Protein chains: 2
Amino acid sequence: MRAEALKGHLDGLLLATLEDGPLHGYAVKEALREVTEGRIDLPTGTVYPALHRLEGAGLISGTWAVANGRRRRTYRLTAAGHAALSDQRAGWQEFATAVTFALKARPWPATP
Amino acid sequence: MRAEALKGHLDGLLLATLEDGPLHGYAVKEALREVTEGRIDLPTGTVYPALHRLEGAGLISGTWAVANGRRRRTYRLTAAGHAALSDQRAGWQEFATAVTFALKARPWPATP
DNA sequence: CCTCCATGAGTAGCATTGCTACCTATAGCA
DNA sequence: TGCTATAGGTAGCAATGCTACTCATGGAGG
């Protein structure tokens with residue numbers, strides 16, 4: 001997976017991962033990796049700042065907890081987050097359709 | 001179409017547009033707009049630098065010409081450009097599949 | 001005649017964003 | 001004792017598309 005390909009689509013993926021229920025940061029990363037069968041395996045240096053961004057934007061809310069002697073920050077979608085996820089899904093559909101179409105080989109578009 | 005969504009995918013779109021035959025910069029922009037029915041309508045400040053990048057990378061080659069008193073730079077795909085386009089197509093397929101899957105609502109994945 | 005618009009090319013500088021490369025800490029296993 | 005997985009974090013970099021301009025020609029409308 002090319003590195004820059006993800007730009008602009010990460011937020012939606014994180015939100016979608018949190019849609020199923022609250023998760024802490026590391027679990028988000030793992031869930032995304034498992035769901036995509038390893039195709040999207042984000043470094044922690046990508047995940048944590050992104051979650052902070054989303055929290056700052058009010059799309060998710062985090063709370064500290066402790067489990068197994070380790071501190072965790074558990075995130076859940078806010079109402080705004082659910083709405084944003086809807087937008088992201090719609091935006092992705094439109095984007096993917098346009099790119100797929102534009103990328104398609106057009107053998108002889110001007111010769112019917 | 002969100003602005004940042006395109007990041008990392010622009011090159012492939014431009015290469016695909018040039019696959020059908022040589023075009024000058026402005027025509028590339030117009031062709032891409034028409035092919036996608038206006039969904040991808042790039043500002044010239046995006047197109048020209050991108051074409052320069054692609055030319056610098058050896059994926060396209062440009063030659064100056066004059067038509068209707070206006071100077072044009074006509075670009076065509078190089079062999080490397082054709083190869084890069086193949087890679088872009090494959091990469092896009094993989095990326096789109098992964099994102100579509102990850103973005104999909106997973107009602108109860110853990111409860112069979 | 002003058003102005004506006006489409007065509008055609010270009011650049012400087014900005015903002016965003018994901019990544020690399022680090023650091024800290026605990027639990028468990030070899 | 002050290003390594004690995006888990007868990008969270010940051011500083012700074014590099015890439016990339018966009019905004020907002022500049023310059024130029026030709027044709028249409030007033």
Side-chain angles (χ1 to χ4, degrees), chain A residues 1-15 22-34 39-57 59-60 62-75 88 91 95 98-99 102, chain B residues 1-15 17 22-34 39-57 59-60 62-75 84 88 91 95 98-99 102:
Chain A
M1 183 88 61
R2 280 181 55 257
E4 322 87 46
L6 202 54
K7 292 215 175 182
H9 307 284
L10 177 60
D11 292 5
L13 298 177
L14 297 178
L15 294 175
L23 290 174
H24 59 275
Y26 197 84
V28 169
K29 164 187 150 61
E30 289 301 297
L32 196 52
R33 187 172 59 78
E34 279 161 29
R39 286 187 289 250
I40 299 181
D41 190 4
L42 302 171
T44 65
T46 292
V47 174
Y48 293 121
L51 290 172
H52 298 165
R53 250 197 339 257
L54 291 174
E55 191 175 19
L59 304 183
I60 63 179
T63 50
W64 283 109
V66 174
N68 302 102
R70 295 186 186 90
R71 68 202 238 285
R72 293 174 168 176
R73 189 153 180 86
T74 304
Y75 295 100
Q88 288 277 333
F95 173 72
V99 172
Chain B
M1 181 88 64
R2 279 181 55 259
E4 322 85 47
L6 201 55
K7 293 215 176 183
H9 305 285
L10 177 60
D11 293 5
L13 297 178
L14 297 178
L15 293 176
T17 305
L23 290 174
H24 59 275
Y26 197 83
V28 169
K29 165 186 151 60
E30 289 301 296
L32 196 52
R33 188 173 58 79
E34 280 162 29
R39 288 188 289 251
I40 298 181
D41 190 4
L42 304 171
T44 66
T46 292
V47 175
Y48 293 121
L51 289 172
H52 298 164
R53 253 199 335 260
L54 291 174
E55 191 175 17
L59 304 183
I60 62 178
T63 49
W64 283 109
V66 174
N68 303 101
R70 294 186 187 88
R71 67 202 238 286
R72 292 173 169 177
R73 189 154 182 85
T74 303
Y75 295 100
Q88 289 278 333
F95 173 72
V99 173

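In what follows, chains are A, B, ... by sequence order, proteins preceding strands, each numbered from 1. All figures in this text were calculated on a predicted structure; none of them were measured in a lab.
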C:dA9, OP1 or OP2 - any side-chain N/O from B:Tyr48 closer than 4.0 Å?
yes
Assuming nearest nucleotide by heavy-atom distance, tell me which of B:Asp41 and A:Trp64 is located more 5' along DNA chain D.
A:Trp64
In terms of side-chain heavy atoms of A:Pro43, which of C:dC19, C:dA9, D:dG8 is nearest?
C:dC19
Is there a side-chain polar atom (N or O) of B:Arg71 under 4.0 Å from OP1 or OP2 of C:dA9?
no
Would you mind reading off the distance between A:Leu6 atom CG and D:dA15 atom C1', rounded to a whole angstrom?
14 Å
Counting side-chain heavy atoms from C-beta on, which of D:dT10, C:dA9, D:dA7 comes nearest to A:His24?
D:dA7
Does any N or O donor sit under 3.5 Å from an N or O acceptor when you compare the side chain of A:Lys7 with the base of D:dT16?
no
Distance check needed: D:dG9 P versus A:Arg53 CZ, whole Å only.
14 Å
Using 0.5 Å steps for rounding, measure from the CG atom of B:Leu6 to the NE2 atom of A:His9.
8.0 Å
Decide yes or no on side chain to side chain contact (heavy atoms under 4.5 Å, CB included) for A:Leu51 and A:Tyr75, but give the supporting numbers first.
CA-CA 8 Å; A:Leu51 290 172; A:Tyr75 295 100; 3.7 Å; yes
Quick check: closest heavy atoms across B:Arg39 and A:Ala98, and the distance to 0.1 Å?
NE-CB, 3.9 Å
Quick one, give me the B/S/- string for nucleotides 22-30 of chain C, reading 5' to 3', where B means a protein heavy atom under 4.0 Å from the base and S means that only happens at the primed atoms, P, OP1 or OP2.
----BS---
From A:Lys29 NZ over to A:Ile40 CD1, what is the distance, rounded to the nearest 0.5 angstrom?
12.0 Å
How close or far is atom C1' of D:dT16 from atom CG of B:Leu54, stated in whole angstroms?
12 Å
Once you round to the nearest 0.5 Å, how far does CG of B:Leu54 lie from CG of B:Asp11?
4.5 Å
Could you walk me through whether A:Leu23 and A:Glu30 pass side chain to side chain contact (heavy atoms under 4.5 Å, CB included), step by step?
CA-CA 10 Å; A:Leu23 290 174; A:Glu30 289 301 297; over 6 Å; no
Between D:dG9 atom C1' and A:Lys29 atom NZ, what is the distance in whole Å?
15 Å
Side chains of B:Leu10 and B:Leu42 in contact at under 4.5 Å (non-hydrogen atoms):
yes
Looking at A:His52, I'd like to know whether one of its side-chain N or O atoms comes within less than 4.0 Å of OP1 or OP2 on D:dG8.
no
Students often get this wrong, so: under 4.0 angstrom with heavy atoms, is A:Gly25 touching a base, only sugar-phosphate, or nothing?
sugar-phosphate
Heavy-atom closest pair, residues A:Arg72 and A:Trp64:
O-CE3, 3.0 Å
Over how many whole Å does the gap from A:Leu14 atom CG to D:dG8 atom C1' extend?
15 Å
Below 4.0 angstrom from OP1 or OP2 of C:dG18, is there any side-chain N or O of A:His9?
no
A:Phe95 CZ to D:dG17 C1', in whole Å, measures 12 Å
When you measure from the side chain of A:Tyr26, which nucleotide among C:dC19, D:dG9, D:dT6 comes out closest?
D:dT6
When you match A:Leu42 and B:Tyr75 each to their closest nucleotide on DNA chain C, which lands nearer the 5' end?
B:Tyr75
Starting from P on D:dT4, measure out to CD on A:Glu30 and report it in whole angstrom.
17 Å
Rounded distance in Å - CG (A:Leu51) to P (C:dG18):
11 Å
Counting side-chain heavy atoms from C-beta on, which of D:dG17, C:dA6, C:dT11 comes nearest to B:Pro49?
C:dT11
